[in-house]
Amino acid sequence: MRRQTWLMAGSIVLLAGGAATQIHAQDTKPSAACGSGQPVSVNLLWPTQPNTLDPNVETLVMFAQISRNMFDGLFRLDDDMQLQPDLAVSYKQPDNLTYEIELRKDVVFHDGSAFTSADVVATFDRIMNDQKLASKQRSYVSNVKSVTAQGDYAVKFALKQPDSSFLKTLATIIYITPKSAIEKVGNVEFGKKPVGTGPFKFESWNVGDSVVLAPNCDYRGDKPIPSRVEFRFISEPATQISSLQSGEIDIATQVTSDLTAALKSSSDVAVQSIDGNQTFWLSMNTKEGPLADPKVRQALNYAIDRTAIAGQLLGGFATPVGQIYSKGVFGYTKAVSPYPFDPEKAKSLLAEAGYSSSKPLKLEFYNFRAELNPVQQSIASFLADVGISITTRFDPNYFVDTWQPGKMGRNQLIIRSNNNLLMDADFALGLELDGTRRGVYFSSPETDAKIAKARGEGHSNSRQAAYDDLNKTLYDLAPVTFLYSTDAIYGVSKQVDWKPRPDGAIYLADVTKKP
């Protein structure tokens, strides 16, 4: 049995057999008076707006930036990507299918109600079973068999299959919501005026423009410093940059490499970049039509010069990959290199699949993010060069209206990406390639079994070995067209003291800003 307990000054891991390992707590900034700092504004560059502020509904990483500042999970990842307690105090793992978690007793929601085990149980119940809520997070918890209260301040999770990434899921994706508040107002109203336990509380939502949060001075930990936090929804990349330069916003997200020169020449703005975990690929419907043929999918991979795109188009802020995760994510396989650029090989595979100049492969290529238009056009050019008849389309609603509901056509491609919050391969696999979860457009008994094996391995070495085997299989099957991973680039006002994290999470409670 494994047991882990966190102490105030650090944490101790008690393993079976009585061995103990000390884990030192992360350094923190000196405490400041609640709300004593300057207001901070962050722009979330995305083509669409949030439909709800309920953290248990959507899966878009960008809008989770709002949730993580209002809500807490049972655990969290610190700046070094190490697991730390949040609403939990400790956990025991009697076997590989059971987690018993002790909860904090000093937590209240923003409406003044006490946090208890009932809120944890209700949170998972609404994600898994509330048909009206229709949570898109259901696939994240599909392996949970049951969640039961063990008194007011403990819960027990029973899993269907072993899952070594389960605690990371609890630390990065699932935020705990208040049972009583939701029962009182219902899902829709709660999504308009959410109530959490985090360092900031909801103040206002100007639909189409911004969400404003106020400091929660009853927060149990260090009090939040900013007097106000604003999340903006400017969707045009150049407009975001001009807003940063004018001082309208303090932090610009997902800055493209072509716009960094303008920022570097500014005396008021700094460019901050970090090895990112956002990985890009072309998603396609492999269940039917021409893309069901592995030779066609392999041809697409050979047709694209990733090195040219990463170095020339993306200014060296990208790294070609042959997997759907970056090198910093657990489960990445060093021995699996990107597909080489070999247009003659691509033409040969297309010919073997029955395509020729008189009978070309016809594809529709969608993009829903304006900042990726140059990448889309470059990829389309490479595909056309090997004889593919390619039509490019821009539709900012394609991902939400077509891809997510499983309506993607048999000859369609879309640029997809994943910001791997868990820093674990299982997260990306579950969203794209696992038929038992959200692998809507690709799955196979072989790869589903290998994903489950890697997910369930209890030791890191054996897990990595399982992923190495899986990644080689996926490379050969080419269920997607692998592209590149990108550095995360931000534009940040020089008045603001903030640094990016490897997982891309933006926490604002300890951010300071000069007047």
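The figures here come from the full heavy-atom set of this structure, side chains too, leaving out hydrogens, waters and symmetry mates. Just so we're clear, the structure is a prediction, and the values are computed from it rather than from any experiment.
Here the two rings, on Tyr398 and Tyr366, have centers that are under 6.0 Å apart. For Trp403 and Phe368, the ring centers sit 6.0 Å or farther from each other. The aromatic ring centres of Phe399 and Trp46 sit 6.0 Å or more apart. Taking the centre of each ring, Phe482 and Phe280 stay at or above the 6.0 Å mark.
No donor-acceptor pair closer than 3.5 Å links the side chain of Glu457 to the backbone N or O of Ser164. The backbone N or O of Phe200 sits less than 3.5 Å from a side-chain atom of His110, completing a donor-acceptor pair. Side-chain atoms of Asp487 never come within 3.5 Å of backbone atoms of Ile489 as a donor-acceptor pair (strictly under, hydrogens ignored). At least one donor-acceptor pair under 3.5 Å links the side chain of Asn285 to the backbone N or O of Met408.
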Side chain to side chain contact (heavy atoms under 4.5 Å, CB included) between Thr473 and Glu446, intermediate numbers included | CA-CA 9 Å; Thr473 300; Glu446 178 188 14; 3.7 Å; yes
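Asp86 pairs with exactly one of Arg104, Arg220, Arg68 by the salt bridge (Lys or Arg N to Asp or Glu O under 4.0 Å) rule, that one being Arg220. None of Asp106, Val120, Val108 except one satisfies the side chain to side chain contact (heavy atoms under 4.5 Å, CB included) rule with Phe115; the exception is Val120.
Pairs engaging residues 170-204 under the disulfide bond (SG atoms under 2.5 Å apart) rule: none recorded [sequence neighbours left out]. Legend: disulfide bond (SG atoms under 2.5 Å apart) pairs involving residues 138-223, not counting sequence neighbours, sorted by first then second residue: Cys34-Cys217.
In Lys327, the NZ atom is not crowded: 12 or fewer heavy atoms of neighbouring residues, nucleotides or ligands sit closer than 6.0 Å. For NZ of Lys156, the number of neighbouring non-hydrogen atoms (other residues, nucleotides, ligands) closer than 6.0 Å is 12 at most. Environment of NZ in Lys453: sparse, with no more than 12 heavy atoms of neighbouring residues, nucleotides or ligands closer than 6.0 Å.
Looking at heavy atoms from C-beta onward, Phe166 lies in side-chain contact with Phe157 at the 4.5 angstrom threshold. Between Val40 and Thr512, every side-chain heavy-atom pair lies at or beyond the 4.5 Å cut-off. Using a 4.5 Å heavy-atom threshold, the side chains of Thr98 and Leu159 count as separate. Proximity of Asp54 to Phe71: side-chain heavy atoms (C-beta onward) are nowhere separated by under 4.5 Å. Side-chain contact between Trp498 and Val492 is present, with heavy atoms from C-beta onward closer than 4.5 Å. Asp250 is not listed as a side-chain neighbour of Gln495, based on a closest heavy-atom distance of 4.5 Å or more. Counting only heavy atoms from C-beta outward, the side chains of Thr447 and Leu474 approach each other to under 4.5 Å.
Evaluation of the salt bridge (charged side-chain N to carboxylate O under 4.0 Å, His left out) rule for Arg438 yields no partner, not counting sequence neighbours. Qualifying salt bridge (charged side-chain N to carboxylate O under 4.0 Å, His left out) partners for Glu230, counting only residues two or more places apart in sequence or in other chains: none.
Using modelled atom types and a 3.5 Å distance limit, the side chains of Asp448 and Thr436 yield no donor-acceptor pair. No side-chain donor-acceptor contact under 3.5 Å links Ser139 and Ser142. For the residue pair Thr333 / Asp468, a side-chain donor-acceptor distance below 3.5 Å is found, with atom types taken as modelled. Checking Tyr490 against Gln272 by side-chain atom types alone, no donor-acceptor pair falls below 3.5 Å.
Interatomic distance, CE of Met128 versus CG of Asn56, reported as 11.0 Å (0.5 Å rounding).
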Could you tabulate the donor-acceptor pairs under 3.5 Å formed by side-chain atoms of residues 182-197, not counting sequence neighbours?
residue : atom : partner : partner atom : Å
Glu183  : OE2  : Lys179  : NZ           : 2.8
Asn187  : OD1  : Arg126  : NH2          : 2.8
Asn187  : ND2  : Asp130  : OD2          : 3.0
Glu189  : OE2  : Lys192  : NZ           : 3.3
Thr197  : OG1  : Asp72   : OD2          : 2.7

Show me, pair by pair, the donor-acceptor contacts under 3.5 angstrom made by side chains of residues 205-214, not counting sequence neighbours?
residue : atom : partner : partner atom : Å
Asp209  : OD1  : Arg232  : NH2          : 3.4

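A salt bridge links Glu100 with Lys92: the distance from a Lys NZ or Arg NE/NH1/NH2 to an Asp or Glu carboxylate oxygen falls below 4.0 Å.
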